[in-house]
Amino acid sequence: MRRATVTASALAVLAALGTAGAAPAAVPAPGAGEAVVTVYTGGDRTGAQSVGPLAGVRLGLFAEPEGATPIDPVWGVCVSDAAGDCSFTVPDTGPGGTNAGRELTVRQLDGGVPAGWFANPVLRTGPGSGSGSVASPYAFRTPALAAGNTYRSTTDFMISDDYRNLPTASGGVWQDSRNNPPLPVHCGLDVALVLDLSASVGSELPFLKAAADRFADALTGTPSRLAVFSFDQASPATSVAANHPELHPVSTPAGAAEFKSLYAGWTLGKGTNWDTALWSVAQAAPRYDAVVVLTDGNPTRFADDAQGDGSRTHFRDVENGIFSANSVKAKGSRLIALGVGKGVEGISGLNLRALSGPTAYADGGDLTAADYFQTKDFATAGQQLHDLALSHCDNSVTVVKQLVPAGTTGEDTTGAVNAPAGWTFAATARTPGVGGLPEERTTTDDGTGSVVFQPELGELPSAALDVSELQHEGYELVTKGGKNAVCVNLDTGQPVDVSDTGSADRPGFALDLPRLAAVSCTVYNRPAAAADLAVDKTWRIDGAIHPEGSQPAGFTATASLTGPEGAAASPQPWGSARTGYRIGDRAAVDEKTQLADPACRLTDQRITALNGAPVDLPLGSTLTLGSAHTRAEVTNTVECDHRSPSPSPSPSPSPAPSSPAPVPPGGGHLAATGGGGLALLPAAGAAVLAGLALLAVRARPVRRRRDGH
């Protein structure tokens, strides 16, 4: 009967001894006519089958199970030491002594817990189905006392593995529960969901998953992360491959969908083991703000080897769950026990209380103050989880920063991911009387890409807020529906209207935050890919087309471009690409021209092609570089008046031809907004006109004089 029990108990004792800061006091040896009764008091689980000690527990020996006061105010009271030993030295137990052969009752004294702990004087026992529940006082009878003996709770009384006949079978280590840590008072939580996959869930399994989904959906749009565990008689459940203790960001719908997919295919196992479920959570590396246990029944198993009978709930099943729950709470996690259905109704709340804390949720009460819930169905549980998730998000604006892949264009945000640490947002209030602002917050490496602002509205019905971001170099804002942000009211699911504000380096948006509302806004950025711009040149002179470099001498023009990075206009060779731009940048295209021939005039300057497609834009237009390579074409139209001049009295020698103006190398490509060029006179036309005048003089007929000569 005792072999497995003694082994587990011995492990508990060794763990207790190993965790004491100083050498523990030894259990006293009985003197003449004395017997010793010693109880081991446990706190946090330290291993799969070991429990550390709890000092400061005060127990009493009572003559009757329900006696009002201990049998003696001195030797009938003990306080556990650093090793978890609470020992009574009972006198007069020798033959004929007053206490010889007496069976006394060990109970915890009122208030007999150390600071930060609470007692569980009554636990629920009975069938695992929840029927036939019994509120069993947590008290134990000693054996008949005889002098010279030491009676230990781990070997001689209290401990039992008679699960068939003894509902109060205990593991021999006295249980007390840690106080439940509070929830953090801010919007956004790291939560572990612990889902019961015992066979009793049956056809309700889809509704259990739906309740978990509801919780994930409620946290979507906040800086929250979720983990998920399963249990039946083991954890992970025997029907499940693995738990998922890692935290998954659910700040976006895509993140929430990924998280929900982790348990979407889970199936049912058998048995209910609160102990191993919570020990799995306690061993996980992340620290959770809250751990939510969603269960439909009382425990019928404990330990990592599924001890217990699997059909009935005993003290031992609950005790071990308490020790593991203590380990969870020792990490600072609030433990919320959410019992669903008939299996955990009524006095089963005693066991939910022992896991979490003494405060039951009452309809309409404070969700954040409740330690445990008892609900009729999973739909109700899902709503309670939803409300709990948003309980600390009143008067909040969450900004979720997402980065869009560089290959996308326009408002396409396909493949967007949460931003890493280092993106800074600032919020200010335009409504007088709003507290807590202005404030600046920066994303961290938590994977949510989110920051939260929680202004203080007091009794104001709403607050007009401005939110802006510090734009990173090399990135550009991506709008959705022409807006700098997409916002939604998490309480109602309805869109929240925004208006764009700010500048290119500090883009932002304005919105109205209703009192007590939780609003989530998503802002997208895209890496601004490198871009270049080239401009080609064409001359149309008296109807003839001349590409740059092949035009007649004396027709010259120099291109100019603005940028990159806001640089003023500067010369640029025709046909040569200017680099350093980013996709989405803007650049103005202009030129300066020279016409050496005074008979020629510039009649038009236009941007006539963009990336090979005809356009008609005035010179000086500003082009948006929408792709990695942009190429524009500028066409100048020139008309020349080459009519003969009046004859001169004497022929003039033909002027020496002037050297043609240097032609700059070709190059260039862009987009534009209005402007013009400077027209000057080219030299070649003057030489032609002079030659025509000389020919005219030579061809003039000679007059005869009247004298015949």
Side-chain angles (χ1 to χ4, degrees), residues 178 180-195 211-230 235 242-263 277-294 324-338 355-357 367-371 382 384-394 396 398-401 417-421 441-454 490 518 520:
R178 277 188 178 271
N180 213 3
L183 275 176
V185 187
H186 58 69
C187 185
L189 297 170
D190 286 345
V191 182
L193 287 176
V194 186
L195 306 184
D213 289 352
R214 187 97 165 93
F215 188 64
D217 291 339
L219 289 172
T220 303
T222 71
S224 296
R225 301 181 297 176
L226 296 178
V228 63
F229 295 77
S230 67
S235 182
N243 289 323
H244 297 281
E246 64 280 1
L247 286 164
H248 296 260
V250 294
S251 51
T252 64
E258 180 182 345
F259 171 73
K260 290 185 284 188
S261 71
L262 297 177
Y263 55 83
L278 291 170
W279 179 235
S280 295
V281 175
Q283 293 179 92
R287 178 202 169 276
Y288 308 112
D289 294 323
V291 174
V292 178
V293 181
L294 203 57
S324 289
N326 288 343
S327 295
V328 170
K329 291 186 281 187
K331 296 175 69 173
S333 302
R334 183 170 183 80
L335 202 157
I336 300 165
L338 205 155
L355 281 190
S356 55
L367 287 160
T368 63
D371 297 303
Q384 290 173 335
L385 287 172
H386 171 276
D387 297 343
L388 178 65
L390 295 178
S391 58
H392 283 155
C393 290
D394 291 346
S396 69
T398 298
V399 182
V400 181
K401 182 68 177 179
V417 297
N418 293 342
R441 289 188 173 273
T442 302
T443 59
T444 67
D445 59 358
D446 66 0
T448 69
S450 306
V451 298
V452 179
F453 300 101
Q454 292 192 267
L490 297 179
S520 181

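This one's a predicted model, so the numbers in the text were calculated from it and none came from an experiment. Numbering starts at 1 and runs along the sequence shown.
Between the side chain of Asp190 and the backbone N or O of Asp289 there is no donor-acceptor pair closer than 3.5 Å. Under the 3.5 Å distance criterion, the side-chain polar atoms of Lys329 are matched with a main-chain donor or acceptor of Arg178. Side-chain N or O atoms of Ser396 include none that pairs as donor or acceptor with a backbone N or O of Gln454 at under 3.5 Å. With Thr220 contributing its side chain and Ala216 its backbone, the two residues share a donor-acceptor pair below 3.5 Å. A donor-acceptor pair is defined here as one N or O able to donate and one able to accept, closer than 3.5 Å; such a pair exists between the side chain of Lys331 and the backbone of Ala282. Between the side chain of Arg214 and the backbone N or O of Leu385 there is no donor-acceptor pair closer than 3.5 Å. In this structure a side-chain-to-backbone donor-acceptor pair under 3.5 Å is present from Arg225 to Asp446.
Between Ser520 and Val400, the shortest heavy-atom distance links the atoms OG-CG2, 4.0 Å. Among all heavy-atom pairs drawn from Asn418 and Gly447, the shortest one is ND2-O, 2.9 Å. Nearest approach of Leu278 to Ala325, heavy atoms of both residues: CD1-CB, 3.8 Å. Across all their heavy atoms, Val291 and Ser333 have their closest contact at CG2-CB, 4.0 Å. Of all non-hydrogen atoms in Asn243 and Ser230, the two that sit nearest each other are OD1-N, 2.8 Å. Heavy-atom minimum distance, Ser224 versus Leu219: OG-CD2, 3.4 Å.
A heavy-atom distance below 4.5 Å is not found between the side chains of Leu335 and Val281. Side-chain atoms of Pro223 and Val451, non-hydrogen and from C-beta on, never get closer than 4.5 Å to each other. The shortest distance between side-chain heavy atoms of Phe215 and Leu294 does not fall below 4.5 Å. Contact annotation: the side chain of Leu193 approaches that of Phe259 to within less than 4.5 Å [non-hydrogen atoms, C-beta and beyond]. Counting heavy atoms from C-beta on, the side chains of Cys393 and Thr222 come closer than 4.5 Å. Looking at Val452 and His186, their side chains never come closer than 4.5 Å, going by heavy atoms from C-beta outward.
Aromatic ring pairs are classed by plane angle as parallel below 30°, tilted from 30° to 60° and perpendicular above 60°; the pair Phe229 and Tyr288 is perpendicular.
Counting only residues at least two apart or on different chains, the salt bridge (charged side-chain N to carboxylate O under 4.0 Å, His left out) pairs with a member in residues 249-260 are Asp217-Lys260.
Between the CG atom in Asn180 and the CG atom in Asn326 there is a gap of 10.0 Å [rounded to 0.5 Å]. The OG1 atom of Thr443 lies 9.5 Å from the NZ atom of Lys401; values are rounded to the nearest 0.5 Å. Taking CD from Gln384 and OG from Ser391, the interatomic distance works out to 12.5 Å, rounded to the nearest 0.5 Å. Rounding to the nearest 0.5 Å places SG of Cys187 at 7.0 Å from CG of Leu390.
Annotation: salt bridge (charged side-chain N to carboxylate O under 4.0 Å, His left out) contacts of Asp371 (sequence neighbours excluded): Arg334.
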